[in-house]
Structure formats: structure tokens, C-alpha cells
> 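My questions will all concern the structure given below.
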Number of protein chains: 2
Amino acid sequence: MSTDQTSSRPRLTRQRQLILDRLDQVDTFLSAQQLHAALRAEGETIGLATVYRGLQWLEEAGIVDSVRTTDGEATYRRCSMAHHHHLICRRCGRAVEVHGEVLEEWSRAIAAEHGFTQPEHFVEIFGLCPECTTRAAQNESSDSL
Amino acid sequence: MSTDQTSSRPRLTRQRQLILDRLDQVDTFLSAQQLHAALRAEGETIGLATVYRGLQWLEEAGIVDSVRTTDGEATYRRCSMAHHHHLICRRCGRAVEVHGEVLEEWSRAIAAEHGFTQPEHFVEIFGLCPECTTRAAQNESSDSL
DNA sequence: CTGGCACATGATAATGATTGTCATGTTCTT
DNA sequence: AAGAACATGACAATCATTATCATGTGCCAG
């Protein structure tokens, strides 16, 4: 019992800490590429592959969660609690965590109704955040197309 | 001017019809690559790029809809009606269209609550279909890990 | 303190899906 | 039948992601 084979030696390294710190500073989703560029811009030396690996590891560990953008890029964000969904601004990328018991129940019910087991659901709501809504309204007048 | 610039000349071509026919035959999601391979296997001459373009067009036209797999590949399926979601078997890929007024209302409410406008939502439920559930239960006894 | 080991890193190459290019084919209009 | 407008197909280009592999780093035993 004293043997702990699941967790081995070093784990949360300097570069993984860097990634995590960075994600703590923003409240939007960031792609691996963006994260890498941002860290390099700050003068940190970190490889792109390391960012990918770090994010994968952090995701498996349940420390961050990921969302695919419509063009297939994976983006990551630090997440606080067990289960939640996101309300994402399709313009600036700002994200808000939302919860919904209604939704959980609904998905369980739908799955059961069709005889599906072990249901898991992925929900993302995209829209325009208050700021971007205002900005969009202002640009309306000068819109040619 | 009787010129109709929104809808121009040829549209639903032979190869787009091929894609559509193929999607009508299955009830799972197919990727562009799978679709292309399947059509070529049947002896049809159709280019990969054409499949991609065809699917894009069909999607914009609302004739098919797409879902991203967890590894980022876009998959497509013929869809019947305006707005719905999917209950997808994560083992065999079988998909069932589901509807939920509850969900629509919920997403509108959540968006409004946070001042977001023009909400759009993406919902997918993944689980094991009845058949795969049975099969999984049978394999349990011989599972080593 | 020191050697060794397991894992992490970083640079780069490889992969794989998707998109762009461009010359040619198709089809519709006149 | 001619011309315009779009579609096609082969191939190159792009872009995110993953694999490779030699090197680095931190932790453990002695």
C-alpha cells in the first residue's frame, strides 16, 4: 500500500507552472499556439511541443478543460469545478462558466429514453458579450456589406 | 434588373448528389476523408477537394450538419429539420436526432442573464447505444484491465 | 555528495486534415 | 453554337498536432 505507482517522480514542472500561471491571468480560452507565442513574447524559453504536452497533461489531470473552436483548434482554460459549461463570446473569446441542473437532467433523460447508457454531454453557447454587442451596434452604420 | 445575384446558375451537381446519396444511406457521421474513400471504392471518380467543398456547401445550405470529433476531425450527416442535437454512440457512431425545448429556453435564459446576445448553442450527448451497452457488458468478464 | 534513473524538455521532422491554386470541364443562358 | 459562371480534379501549400530523439533536470539510494 505504501507503493504509489500511479504518481511517479516529478510532475508539476516549471514550464507546466508557466502554462498554468498564464491561464490564471486570463479568462478566455487560449490555444496551444497562442499560449506558446505569449510565453515566448515574455522572454520565457519554452518549446511548442512542451506546451502541447503540458496542456494534455493538465487536461487529463482535470486542472484545465478544453473546447474546440469551430475551425477545429483546441483551446484551453483553467477550470475551477467539476462540471460546467461555457458561454463564449464569438468575437473576443471571453468565456463565462455556467451551470445548469436542468441541462444535466435533460441529457440524462434523453439518453435513457433512447436506451443509451453512460451519457456525457458537451454544451457550448456562443454569442456576443455585452461589450461586443455594443461595438457591433456602433459599426452597423458604417457597414457597407 | 431581373438579375438574381444570390442564387446563380448550377448548384446541385453530380458529385454533390453523390455525397448526399451516400449520406442518405448511412445513419452515422462521416468525415470528408471517409466519404471520399467510400466513393472511390465504389469506382466513382471524385476529388478529395470536391468532397470538402461539397460538404461545405451542403452545410451552408442547411442540408447536412457537422460535428467535430474529439480529435478535431469534422464529420457530417444528412439532417432533416431546422434545429436539433445529437445523441451519439461513442462506440459505433450511431446517431439519433433529439429535440429539446427545455434546452433552447435554457440557453436563451443563460445568455440573457449574462448580457450576451445572438446566442447559438452546440450540444452533443455521447453515450453507449443499447447494442453497444450489451456488448460492453459481455466483455466485462474477460476484461483484464 | 554523487551517480543513476525516470521523466521532461526542445528542436525538428513527420503526419494528417483542410484549404488554395489553376487549368480544364460542365452547364446554363442567349 | 458561343460565352459566362461556376464546379471539378490534381496537386501544392498551410496549419495544428504528434512523434522522435538527444539532452537536461530533479529525486533517490548509497
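Numbered from 1 within each chain, the chains take letters A, B, ... in sequence-line order.
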> Rounded to the nearest Å, what distance is computed from the CZ atom of residue A:Arg14 to the C1' atom of nucleotide D:dG26?
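It is 13 Å, rounded to the nearest whole Å.
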> With respect to the phosphate group of C:dT27, does any side-chain polar atom (N or O) of B:Thr13 fall under 4.0 Å of OP1 or OP2?
no
> With a 4.5 Å limit on heavy-atom distance, are the side chains of B:Leu39 and B:Thr45 in contact?
no
> Should B:Phe126 and A:Phe122 be marked as a ring-ring contact (aromatic ring centres under 6.0 Å, His included) after you check the CA-CA gap, both sets of side-chain angles, and the distance that decides it?
CA-CA 8 Å; B:Phe126 290 88; A:Phe122 298 93; 5.6 Å; yes
> Could you tell me how far apart B:Arg40 (CZ) and D:dT8 (P) are, to the nearest whole angstrom?
14 Å
> Nearest whole Å is fine: how far is C:dC7 P from A:Gln56 CD?
17 Å
> Does D:dA7 have its OP1 or OP2 closer than 4.0 Å to a side-chain nitrogen or oxygen of B:Thr50?
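No, because none of the side-chain N or O atoms of B:Thr50 sits under 4.0 Å from OP1 or OP2 of D:dA7.
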> Please confirm whether any donor atom in the side chain of A:Arg53 sits under 3.5 Å from an acceptor in the base of C:dG10, or the reverse.
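Present.
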> Can you tell me if the side-chain N/O atoms of A:Gln15 get under 4.0 Å from OP1 or OP2 in C:dG10?
yes
> Please confirm whether B:His85 and B:His121 have ring centers closer than 6.0 angstrom.
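Between B:His121 and B:His85, which both carry aromatic rings, the centre distance is below 6.0 Å.
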> Kindly point out which of D:dT8, C:dT18, C:dT9 is positioned nearest to the side chain of B:Ala32?
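The closest nucleotide is C:dT18.
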> Could you tell me the separation between the CG atom of A:Leu35 and the P atom of D:dA16, rounded to a whole number of Å?
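Rounded to the whole Å, the gap is 14 Å.
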> Nearest 0.5 Å please: distance from the CZ atom of B:Arg14 over to the CG atom of B:Asp21.
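Atom-to-atom, B:Arg14:CZ and B:Asp21:CG are 11.0 Å apart.
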> Would you please confirm or rule out a distance under 4.0 Å between OP1 or OP2 of C:dT18 and any side-chain N or O of B:Tyr52?
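Yes, B:Tyr52 has a side-chain N/O under 4.0 Å of OP1/OP2 on C:dT18.
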> Between A:Arg68 (CZ) and C:dT18 (C1'), how many Å, whole number?
14 Å
> Rounded to whole angstroms, how far apart are NE2 on A:His36 and C1' on D:dT18?
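The distance from NE2 of A:His36 to C1' of D:dT18 comes to 15 Å, rounded to the nearest Å.
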> Classify the nucleic acid contact of A:Thr45 as base, sugar-phosphate or nothing, counting any heavy atom under 4.0 Å across all strands shown.
sugar-phosphate
> How long is the span from the OG1 atom in A:Thr28 to the CD atom in A:Gln34, to the nearest 0.5 Å?
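That separation rounds to 7.0 Å.
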> Can you tell me the distance, in whole Å, between the CG atom of A:Leu18 and the P atom of C:dT9?
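So the two atoms are 10 Å apart, to the nearest Å.
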> Any base atoms under 4.0 Å from B:Gln33, or only sugar-phosphate, or nothing? Heavy atoms, all strands.
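Base: the residue B:Gln33, judged by heavy atoms under 4.0 Å, touches a nucleobase.
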> Restricting to side chain to side chain donor-acceptor pair (under 3.5 Å), what partner residues turn up for B:Arg68, sequence neighbours left out?
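If we apply the side chain to side chain donor-acceptor pair (under 3.5 Å) test to B:Arg68, skipping adjacent residues, there are no hits.
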> Do you know the tightest heavy-atom contact between B:Cys129 and B:Arg94?
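Heavy-atom minimum between the residues: CB-NH2, 3.7 Å.
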> Using a strict 4.0 Å threshold on nitrogen-to-oxygen distance, state whether B:Glu97 and B:Arg77 make a salt bridge.
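Looking at B:Arg77 together with B:Glu97, the answer is yes, because their closest N to O distance falls below 4.0 Å.
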> Under 4.0 angstrom, heavy atoms only, what part of the nucleic acid is B:Gln34 near: base, sugar-phosphate, or nothing?
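No contact at all - B:Gln34 keeps every heavy atom at 4.0 Å or more from the nucleic acid.
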> Mind checking A:Glu73 for me? I need base, sugar-phosphate or nothing, with any heavy atom below 4.0 Å counting as a touch.
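Touches sugar-phosphate only.
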> Could you tell me how far apart A:Leu55 (CG) and C:dA8 (C1') are, to the nearest whole angstrom?
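It works out to 15 Å between those atoms.
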> Nucleotides 11-14 of chain D: which of its N/O atoms have a protein N/O under 3.5 Å away?
none

